[in-house]
Structure formats: C-alpha cells, structure tokens
2 protein chains.
Amino acid sequence: MLRQTAYHAGAFKQATNSPPVRSGELLGAIELMGAPMPFARNAEIYEEGDPAEYLYKVIEGTVRTSKLLADGRRQVGGFYLPGDVFGLETGDEHAFSAEAIADAKVLVIKRSALIALADRDPDVARQLWSVTCRELGRVQDHILLLIKSAQERVAAFLLEMAERVPAGNAVDLPMSRQDIADYLGLTIETVSRTLSRLEHLSAIELPSSRRIVLRNRSALSRLNA
Amino acid sequence: MLRQTAYHAGAFKQATNSPPVRSGELLGAIELMGAPMPFARNAEIYEEGDPAEYLYKVIEGTVRTSKLLADGRRQVGGFYLPGDVFGLETGDEHAFSAEAIADAKVLVIKRSALIALADRDPDVARQLWSVTCRELGRVQDHILLLIKSAQERVAAFLLEMAERVPAGNAVDLPMSRQDIADYLGLTIETVSRTLSRLEHLSAIELPSSRRIVLRNRSALSRLNA
DNA sequence: CGACCATTTGATATGGATCAAGCGATGTGG
DNA sequence: CCACATCGCTTGATCCATATCAAATGGTCG
C-alpha cells in the first residue's frame, strides 16, 4: 500500500465503482433521432481531435475510448457496454478516440439536433446534463483507481466489470490484457501477474484468459481497500 | 519514463492542461441568484456525502476539493481559483469535500433554483451543460497526469498553475506541498525533491517555498512529455 | 502442422515510497 | 529581545512495488 497522506479522519467512504452512463428510460425520445450503425471489431468510431458532432449509445458489443500520449503510451478512458452513452467529453472536439472492441452496434445521435431539441424540451436538456454528470462521476472514480496499488486496481476492475455484466460470478471480459493494463495504468505483465496471484489466493478462477470467475467477492472488496 | 504501451501511432496530441471551469460571461444571469459567502482558511465548504444542494463559484481565494480514502490517504480532486465553478460532481450527493485553502469568498447558488431556471431558459440549461463538460475535460486531463512520472507530473502542475495565475513567470502557490502531493498522487517528499531537481536543472527558481519562478518553460514542457 | 499472437512466468532494474534527521521560518513566553 | 517550541519543508538512506527485459507457453487460424 502506497503512502500518500495518513489522515486519520472519520469520513470513510468506499470508492463507488460507478459504471458509465447507462440511460435506461433516459434519452427515450432522443433515441428516435439516432441511427443505429454497425462497427466491426477494432473499427474506429471517432478519433482524438475529430469534431465532436455526435453522441453515441452502445446497443451491442463493447466500445473503448483511448488516447495516445506523445511518448507512445496509451490511456484507456473507459469501456462502454450496451446501454452506455459515450462521446460526451469536453467541447468542440473529442479528447479521446473511440474504437469497437468487439463487433458492435452503436446508436449515433447528431449533437446539434440533440441540442436543438434540448432548447425546446427542458426534459431533454435535463437528461443531457444528467448523463454528463454521471460520466463525470465515473471519471472521478477512475482517478481514485489510479492512485491505488496494482492489486487494488485489478480487484476493483474485476468487481466493476462483474457488476456491469451481471451473469452470476462468471465474467467474460470483452477486452484484452493490454486494454485492461492501459485502463488501469499498469503494464500487461503486472496485470497478468496480479490475476495469477488473485487466483492463488482463491479470490478468482481463470478458466480461460478472457473468462474470470469471482470466487470470493468479499476478499476482492477487501483487497480493493 | 514508465512504459505502458508503445504504440507507434500517428496521433500525437499533448495533454492539454485544462483548468477548471472558468465562466466569464457564462452564468451571467445566474450569478444574480447566488449569495456571496466568506470562508476562512481551512474552513469546510461542504463534505463528502453531503446532499449536493448548491453550486459554487469562487470570487476570491482558493478552494480545494478532496476525498479521504478508506486507508487514510487523501486525493485532491482539484484547485479552484477566482472565476472557477465547483461543486458540480455527480448527482445527489457530493463525492468530494471542498475546503477553502486561503480565506475565500464564494458565490453559493441553489441548485434547485438553477435547475428551475434552466427549465425555463434554454441558455441557462446550455451553460450548465457546458460548465459540466469542461469540468469533465479537466478531470480527464487529471487522469492523464496520474499515469506520468513524478517529474512530468510536477512540471505539468507548475505549467498549469502558471497559466491560471497569469503573473508573468512568478507563481505564488496558494497550496501546501501536501496538497500538491495529494493532487498529483505523490508523496510530499517526492514533490519536494522533484522541485529541487527542477531547480538544479535551472528550469525553475524557488525564492521561497510557496513562490516559484518559471525560468525555462519549454524545458518544463519537454519534461512534461 | 506451423506461424502468429496473446498471455504467462522469470530475472533484474529502478522510480518513488518509507523512515529518519536536519533546517528555516514563524510564533510564544519569559 | 531572545530562548525555544512548532510547523512546513528539504534532504539523506534504504526498501519495495512495479517496470523492464526476456523467454516459455498456449490458443487460433491458415
């Protein structure tokens, strides 16, 4: 456990692994404005620096946002599963790029149309804001991940994914080790080693590299610290 | 330099140090709704978990948002200078707490009133969204900071502060070393050592601990990598 | 079957954390 | 006005978690 500041304060609150924006009823009317588009595995949806003309909602598959740093490293901003909205980001242009991790179907919504609609319908405006606020919360949680130890990061990641793909205790990860590493700010080797260690600790099982069984969630939560 | 992924791609874009939301003309009408409140140095403005009833805009002084982790570490979410808006965050309750670093004057705006106004005035709604998007961009940039080396983090921090307190090359930092460390995900010792190293490299001067003169910005930018 | 790619595992190096001591500024009481 | 405590910061020595370099393993596709 890394030390940063040892404040012995009273306010202990767990970092809530907030998943990306999942708009169920939300954006209901809005979805009519969008066109569903297919993207093949590894296809680019938009690139860093592209004008942010559209918003996106995953219907099928998984999408990853990422950013290449000047030195060649890559930071993965997030993984987006069916129901999740992505492409919000900051302003005129996309700060990250987005790629389909697996074959995906994505609803593409024209931003200008959405804004125009929001101008006329306060409900839409409110939803737009709400979706953005939740994305903000997700990114803040991501920050909290990045200051933890490798074991904590991996454990938190597994718990997050398990929560988002509710299929009992078995999770089928759509992303590669490299994607996970770049999301968690670790190397692929460290991710792999940490998973092996968690297996030895009987916290998880690894039937195959993409499939992970959570055997002891409370142990994971504890490691999550 | 830490390795994460060595993608030799074409898209090289520098992490733009986006400062917190600074609403100049923005929130113009809105500000009439708010009451200016004084906060003494170290006074708490709101606490993690408090219902998020208000939005805030710094008029004078500096505010820091932070979060205590279960193990006693602290993460500083951001520093807010005059003109900056804070307290947006996620939804019903504040994920971070906010404290005045120096004696501050803060405009306090009731969220419900603002939302009501946004319902009637699309411009207000749009501004609210815009402010949130910019905060989102700031937090994403913060993530990019946290995966860099100590030297890069400190250099980036100095450049960011210099940009936000435009007073030539001399910056008077309102925050302590501990605050900086908790913002950058480093220890106070590492921050201090790194500043000393930057001084030896003649990138900066340290006339006093809170005052920093940028002697060679391009060198800092280069370190910033 | 063989080539290729993703993943795991091993050995070593290193950046930053930790532990500890020193230093300078500020403030307090005598 | 000066001794002395305190606090924030710096500097030094050492340790450790994770990166790096390297090789082995395993699964997939032609």
Side-chain angles (χ1 to χ4, degrees), chain A residues 1-7 41-42 64 69 71-75 101-102 145-155 157 172-200 204-212 223 225, chain B residues 1-7 41-42 64 69 71-75 101-102 145-155 157 172-200 204-212 223 225:
Chain A
M1 191 53 272
L2 313 176
R3 172 176 67 113
Q4 284 189 357
T5 301
Y7 294 96
R41 182 174 141 75
N42 289 325
R64 152 194 88 210
L69 273 51
D71 57 16
R73 280 176 306 169
R74 187 183 69 158
Q75 175 64 34
I101 279 184
L145 252 197
L146 292 179
I147 62 167
K148 297 187 184 185
S149 73
Q151 198 166 21
E152 290 169 334
R153 294 186 215 190
V154 171
F157 172 74
D172 276 298
L173 298 177
M175 70 291 284
S176 70
R177 292 286 186 272
Q178 188 64 68
D179 286 334
I180 299 173
D182 291 345
Y183 177 68
L184 297 178
L186 299 170
T187 59
I188 186 175
E189 294 98 327
T190 297
V191 170
S192 182
R193 267 188 256 274
T194 304
L195 287 171
S196 300
R197 190 176 325 141
L198 292 178
E199 191 178 28
H200 279 128
I204 63 173
E205 274 173 60
L206 297 163
S208 79
S209 75
R210 294 287 183 112
R211 166 167 281 254
I212 297 188
L223 294 178
Chain B
M1 192 52 273
L2 311 176
R3 173 176 67 114
Q4 284 190 356
T5 301
Y7 294 96
R41 184 172 140 75
N42 289 324
R64 151 194 88 212
L69 273 52
D71 58 15
R73 281 176 305 169
R74 186 182 70 156
Q75 175 63 36
I101 279 184
L145 253 197
L146 293 179
I147 63 167
K148 297 187 184 184
S149 72
Q151 198 167 22
E152 290 169 334
R153 295 187 214 190
V154 172
F157 173 74
D172 276 299
L173 299 176
M175 70 290 284
S176 70
R177 292 286 186 272
Q178 188 65 68
D179 286 334
I180 299 173
D182 290 345
Y183 177 69
L184 297 178
L186 299 170
T187 59
I188 185 176
E189 294 98 329
T190 296
V191 170
S192 182
R193 265 188 258 273
T194 304
L195 287 171
S196 300
R197 191 176 326 141
L198 292 178
E199 191 178 29
H200 278 128
I204 62 173
E205 274 173 59
L206 297 163
S208 78
S209 75
R210 294 286 182 112
R211 165 168 282 254
I212 297 188
L223 294 177

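Just the heavy atoms: all of them, side chains too, but no hydrogens, waters or symmetry mates, feed the values below.
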In whole Å, I'd like the distance from the [atom1] atom of [X] to the [atom2] atom of [N].
X      : N      : atom1 : atom2 : result
A:L198 : C:dT7  : CG    : C1'   : 16 Å
A:R153 : D:dT18 : CZ    : P     : 7 Å
B:R211 : C:dA25 : CZ    : P     : 16 Å
A:L184 : D:dT18 : CG    : C1'   : 14 Å
A:E152 : D:dA17 : CD    : P     : 12 Å
B:Q151 : C:dT14 : CD    : P     : 16 Å
B:R73  : C:dA17 : CZ    : C1'   : 12 Å

Report yes or no: does A:E199 contribute a side-chain atom to a donor-acceptor pair with the main-chain N or O of A:L206 at less than 3.5 Å?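 A pair under 3.5 Å: yes.
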
Is the side chain of A:R211 donor-acceptor paired with the backbone N or O of A:D172 at a distance under 3.5 Å, no angle test?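 No; judged by distance alone, with no hydrogens or angles, the pair does not exist.
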
N/O donor-acceptor pairs under 3.5 Å from side chains in residues 190-198 of chain A, not counting sequence neighbours:
{"from": "A:T190", "atom 1": "OG1", "to": "A:T187", "atom 2": "OG1", "distance (Å)": "3.0"}
{"from": "A:T194", "atom 1": "OG1", "to": "A:T190", "atom 2": "O", "distance (Å)": "2.6"}
{"from": "A:S196", "atom 1": "OG", "to": "A:S192", "atom 2": "O", "distance (Å)": "3.1"}

Counterpart residues, side chain to side chain contact (heavy atoms under 4.5 Å, CB included), relative to B:R210 (two or more places apart):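 Applying side chain to side chain contact (heavy atoms under 4.5 Å, CB included) to B:R210 gives B:S176.
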
With sequence neighbours left out, what residues match B:R41 under side chain to side chain contact (heavy atoms under 4.5 Å, CB included)?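 With sequence neighbours excluded, B:R41 shows a side chain to side chain contact (heavy atoms under 4.5 Å, CB included) to B:D103, given in chain and number order.
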
Decide, yes or no, whether a salt bridge links B:K148 with A:D71 under the criterion of side-chain N to carboxylate O below 4.0 Å.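 No.
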
Hey, is A:R177 close enough to A:D182 for a salt bridge, meaning N to O under 4.0 Å?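 Judged by the 4.0 Å cut-off on N to carboxylate O distance, A:R177 and A:D182 do not form a salt bridge.
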
Quick test: give all pairs of protein nitrogen or oxygen and nucleotides 28-30 of chain D nitrogen or oxygen below 3.5 Å, distance rounded to 0.1 Å.
none

With a 4.5 Å cut-off on side-chain heavy atoms, are B:L146 and A:Q75 touching?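 No, too far: nothing below the 4.5 Å cut-off.
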
Quick one: does A:I180's side chain get under 4.5 Å of A:I188's, heavy atoms only?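 They are not in side-chain contact.
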
OP1 or OP2 of C:dG16 sitting under 4.0 Å from any side-chain N/O of B:T187?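 Result: no.
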
List for me each residue that meets side-chain hydrogen bond (donor to acceptor under 3.5 Å, both in side chains) alongside B:E205, sequence neighbours excluded, and say none if there are none.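 Once residues adjacent in sequence are excluded, the partners of B:E205 under the side-chain hydrogen bond (donor to acceptor under 3.5 Å, both in side chains) criterion are B:R215.
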
What are the two closest non-hydrogen atoms of B:P174 and B:I101, and how far apart are they?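 Nearest heavy atoms, B:P174 then B:I101: O-CG2, 2.9 Å.
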
Under 3.5 Å, N/O pairs linking protein and nucleotides 2-4 of chain C:
none

Summarise protein proximity over nucleotides 6-12 of chain D in one line of letters, 5' to 3': B for base, S for sugar-phosphate only, - for none, counting protein heavy atoms closer than 4.0 Å. ---SBBB

